[in-house]
Asker: 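First the structure, then my questions, so here it is.
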Amino acid sequence: MYILNVYSNLLKSRIITKTPLILSHIVTSLCNCKCKTCDIWKKSSEYKNDLSKEEIFKMLEDAREAGFIAYSAWGGEPLLRQDLPEILKHAKEQNLITSMITNGFLLKDRCSEVTPYLDYIIVSIDSNDDLHDKMRGVNGIREKAIEGINICKESKTRVIINSVISKLNLDKIDGLLRLSKELNVSITFEPMQIIKGYNENLKPSEEEIKKAFYKIIQSKKSGFRIGNSYQYLNNFYKQKDYTCHAPKVYITVDAHGNVISCLDKNWGNIKDKSFKKIFSGNEFKNFCKGAENCHICDVSCVIETSVAYSMNPMFFIDKFRNLL
């Protein structure tokens, strides 16, 4: 039923509304990690400028009116927001499919507060040993994340592990697959994104990425619960083969309300500009058309949503199998 609902809404978006379906929201600038592959934690001091709960409520209502079907809360670390359960509840009241991306440190403590309003929880774990703590700059975070996953599994919320591949954890894929199997949850992989002046030294070579994703493809074929589609995984082992439809499918709102799509294109602030106004403009439509010729991204949110938008039946069969 879920896959059919997504399929029908994609069709509606393509033919009728011509507007994105997924609202990706950096719900707070705050972060309790100091990750080697991500520099968001350096912006924690900006949290006082985060959207208020009331402003987020208004944004969610605007999202419903604009035709969004899903809301994803991330950060920073979303569980650092004390009013997060209220925000997620309001998103559900707008009939939005809800998800949260978390480092898992506070998941055990706050699981019961958020799971009633979440369809999916994505927990970031990059190595199934002490390396993960070192990569995150927080002692004990791996164990806390695993404890949180086990507790959340008792709810109706679906839990997924996400792992970012860098030079640091190229040899940790087998351990991550074992963790996925032991916890009986699916796992997704994607390569580290380059942040100029911060993490370039951790970027794997093209050959290392090909080798890593070939291993992931073979592991998926052998039965491991890998949530990435074959269409996505094959982009690392073969020539990139997708048409970018990402800005047609999802849009990001940062912690301060700026509406952003790929290439850091800023469409204004949600506090003074509605989604409908943005999406109905020729500038947005032309931007989406121009993106079709772009293939620079290798993040899952771009390629997976692009393949979904293309209505590729094999993609949906693959995703359906992963839900079983």
Side-chain angles (χ1 to χ4, degrees), residues 20 22-35 37-66 68 70-94 96-107 109-111 113-124 136-138 141 144-145 148 162 193 195 198 250-278 299 301:
I22 303 169
L23 172 55
S24 174
H25 181 209
I26 301 175
V27 73
T28 181
S29 305
L30 277 173
C31 191
N32 50 357
C33 287
K34 293 184 178 180
C35 298
T37 58
C38 170
D39 69 343
I40 289 177
W41 59 272
K42 289 190 170 185
K43 302 173 184 177
S44 284
S45 61
E46 301 174 8
Y47 81 95
K48 291 182 180 179
N49 296 320
D50 290 352
L51 291 177
S52 67
K53 179 179 69 177
E54 291 72 24
E55 288 169 332
I56 294 173
F57 281 8
K58 184 179 178 182
M59 177 188 72
L60 291 169
E61 291 157 13
D62 184 33
R64 179 201 61 206
E65 291 295 322
F68 284 94
Y71 171 72
S72 178
W74 55 294
E77 172 49 47
L79 289 172
L80 289 171
R81 267 197 87 127
Q82 293 306 304
D83 57 4
L84 182 66
E86 297 172 75
I87 291 168
L88 295 172
K89 180 181 179 183
H90 198 70
K92 292 303 291 183
E93 290 171 347
Q94 310 312 307
L96 297 172
I97 299 166
T98 55
S99 62
M100 175 185 72
I101 303 172
T102 175
N103 61 40
F105 189 81
L106 298 172
L107 191 55
D109 297 332
R110 304 204 66 190
C111 175
E113 297 178 57
V114 296
T115 50
Y117 314 114
L118 280 169
D119 296 292
Y120 294 89
I121 294 176
I122 298 143
V123 184
S124 300
R136 297 276 162 174
V138 179
I141 192 169
K144 281 185 172 290
N162 183 68
Q193 295 307 292
I195 302 167
Y198 183 71
Y250 76 93
I251 205 85
T252 298
V253 174
D254 72 14
H256 314 313
N258 297 307
V259 183
I260 302 166
S261 49
C262 46
L263 303 177
D264 293 327
K265 174 63 177 177
N266 192 324
W267 300 100
N269 197 286
I270 198 61
K271 288 184 279 190
D272 49 43
K273 200 170 187 180
S274 71
F275 288 122
K276 275 189 175 181
K277 186 174 181 180
I278 293 170
V299 291
C301 59

Asker: I'd like to know if the side chain of Arg110 and the backbone of Pro85 have a donor-acceptor N/O pair within less than 3.5 Å.
Answerer: no
Asker: Dump the intermediate steps for side-chain contact (heavy atoms from CB on, under 4.5 Å) on Ile101 and Asn162, then the final yes or no.
Answerer: CA-CA 9 Å; Ile101 303 172; Asn162 183 68; over 6 Å; no
Asker: Distance-only criterion, 3.5 Å: show the donor-acceptor pairs between side-chain atoms of residues 58-66 and protein atoms not counting sequence neighbours.
Answerer:
residue: Glu61; atom: OE2; partner: His90; partner atom: NE2; Å: 2.8
residue: Asp62; atom: OD2; partner: Phe275; partner atom: N; Å: 3.0
residue: Arg64; atom: NH1; partner: Gln94; partner atom: OE1; Å: 2.5

Asker: Checking side-chain contact (heavy atoms from CB on, under 4.5 Å) for the pair Lys265/Ile260: CA distance, chi angles, key distance, verdict?
Answerer: CA-CA 5 Å; Lys265 174 63 177 177; Ile260 302 166; 5.7 Å; no
Asker: Does the side chain of Val27 come within less than 4.5 Å of Trp74's, by heavy atoms?
Answerer: no
Asker: At their closest point, which heavy atom of Leu88 faces which heavy atom of Ala73, and how far apart are they?
Answerer: CD2-CB, 4.4 Å
Asker: Can you tell if the side chain of Asn269 reaches within under 4.5 Å of the side chain of Val259, non-hydrogen atoms only?
Answerer: no
Asker: Considering non-hydrogen atoms only, spot the tightest contact between Asp119 and Lys92 and give its length.
Answerer: OD2-NZ, 2.8 Å
Asker: Strictly below 4.0 Å, N to O, side chains only: are Glu46 and Lys43 in salt-bridge contact?
Answerer: no
Asker: Closest heavy-atom contact between Pro78 and Gly75?
Answerer: CD-N, 4.0 Å
Asker: Which atom pair, heavy atoms only, marks the closest approach of Ile141 to Cys33?
Answerer: CD1-SG, 3.4 Å
Asker: At what distance, to the nearest 0.5 angstrom, does CD1 of Ile22 lie from CG of Leu96?
Answerer: 11.0 Å
Asker: Can you see whether Phe105 has Lys144 sitting over its ring - NZ or CZ less than 6.0 Å from the centre and within 45° of the normal?
Answerer: yes
Asker: Between CD of Gln82 and CG of Leu80, what distance do you get to the nearest 0.5 Å?
Answerer: 8.0 Å
Asker: Does Ser99 have any side chain to side chain donor-acceptor pair (under 3.5 Å) partners at least two apart in sequence or in another chain, and if so, which?
Answerer: Ser72
Asker: Check the surroundings of atom CG in Asp264: do more than 12 heavy atoms from other residues, nucleotides or ligands lie under 6.0 Å from it?
Answerer: no
Asker: For the residue pair Ile270 and Leu51, what are the closest heavy atoms and their distance?
Answerer: CG2-CD1, 4.3 Å
Asker: Can you check whether Glu86's main-chain N or O pairs, donor with acceptor, with Asp83's side chain at less than 3.5 Å?
Answerer: no
Asker: Mind checking the CD1-CG spacing from Ile56 to Asp50? Nearest 0.5 Å is all I need.
Answerer: 7.5 Å
Asker: Please examine the side chains of Tyr71 and His25, heavy atoms only from C-beta on, and report whether any two atoms are closer than 4.5 Å.
Answerer: yes
Asker: Taking only residues two or more places apart in sequence, or in another chain, which ones meet Thr115 in a side chain to side chain donor-acceptor pair (under 3.5 Å)?
Answerer: none
Asker: Could you verify whether a donor N or O on one side chain and an acceptor N or O on the other, from Glu77 and Thr102, lie under 3.5 Å apart?
Answerer: yes
Asker: Between atom NZ of Lys89 and atom CZ of Phe57, what is the distance when rounded to the nearest 0.5 Å?
Answerer: 9.0 Å
Asker: Looking at Ser24 and Ile251, would you say the former's side chain and the latter's main chain have a donor-acceptor pair under 3.5 Å?
Answerer: no
Asker: Determine whether Arg81 and Leu30 make a side-chain contact, defined as any pair of heavy atoms from C-beta on separated by less than 4.5 Å.
Answerer: no
Asker: Does any non-hydrogen side-chain atom of Lys34 lie less than 4.5 Å from one of Arg136?
Answerer: no
Asker: Could you tell me if Ser124 and Asn103 have a donor-acceptor pair between their side chains, going purely by distance under 3.5 Å?
Answerer: no
Asker: Can you tell me how far CD1 of Ile26 sits from CG of Asp254, rounded to the nearest 0.5 angstrom?
Answerer: 5.5 Å
Asker: Can you find a pair of side-chain heavy atoms, one from Met100 and one from Ile122, that are under 4.5 Å apart?
Answerer: no
Asker: Not counting sequence neighbours, which residues clear side chain to side chain donor-acceptor pair (under 3.5 Å) with Ser261? List them please.
Answerer: Trp267
Asker: Could I get the full list of salt bridge (Lys or Arg N to Asp or Glu O under 4.0 Å) partners for Asp109, not counting sequence neighbours?
Answerer: none
Asker: For a side-chain contact (heavy atoms from CB on, under 4.5 Å) check, start with the C-alpha distance between Ser44 and Ser29, then their side-chain angles and the critical distance, and finish with the verdict.
Answerer: CA-CA 5 Å; Ser44 284; Ser29 305; 5.9 Å; no
Asker: Test your reading of the model: is there a side-chain donor-acceptor pair from Asn258 to the backbone of Val253, 3.5 Å cut-off?
Answerer: no
Asker: Mind checking the CG-CG spacing from Leu107 to Leu79? Nearest 0.5 Å is all I need.
Answerer: 6.5 Å
Asker: Going by side chain to side chain donor-acceptor pair (under 3.5 Å), name the residues that satisfy it together with Lys42, two or more places apart in sequence or in a different chain.
Answerer: none
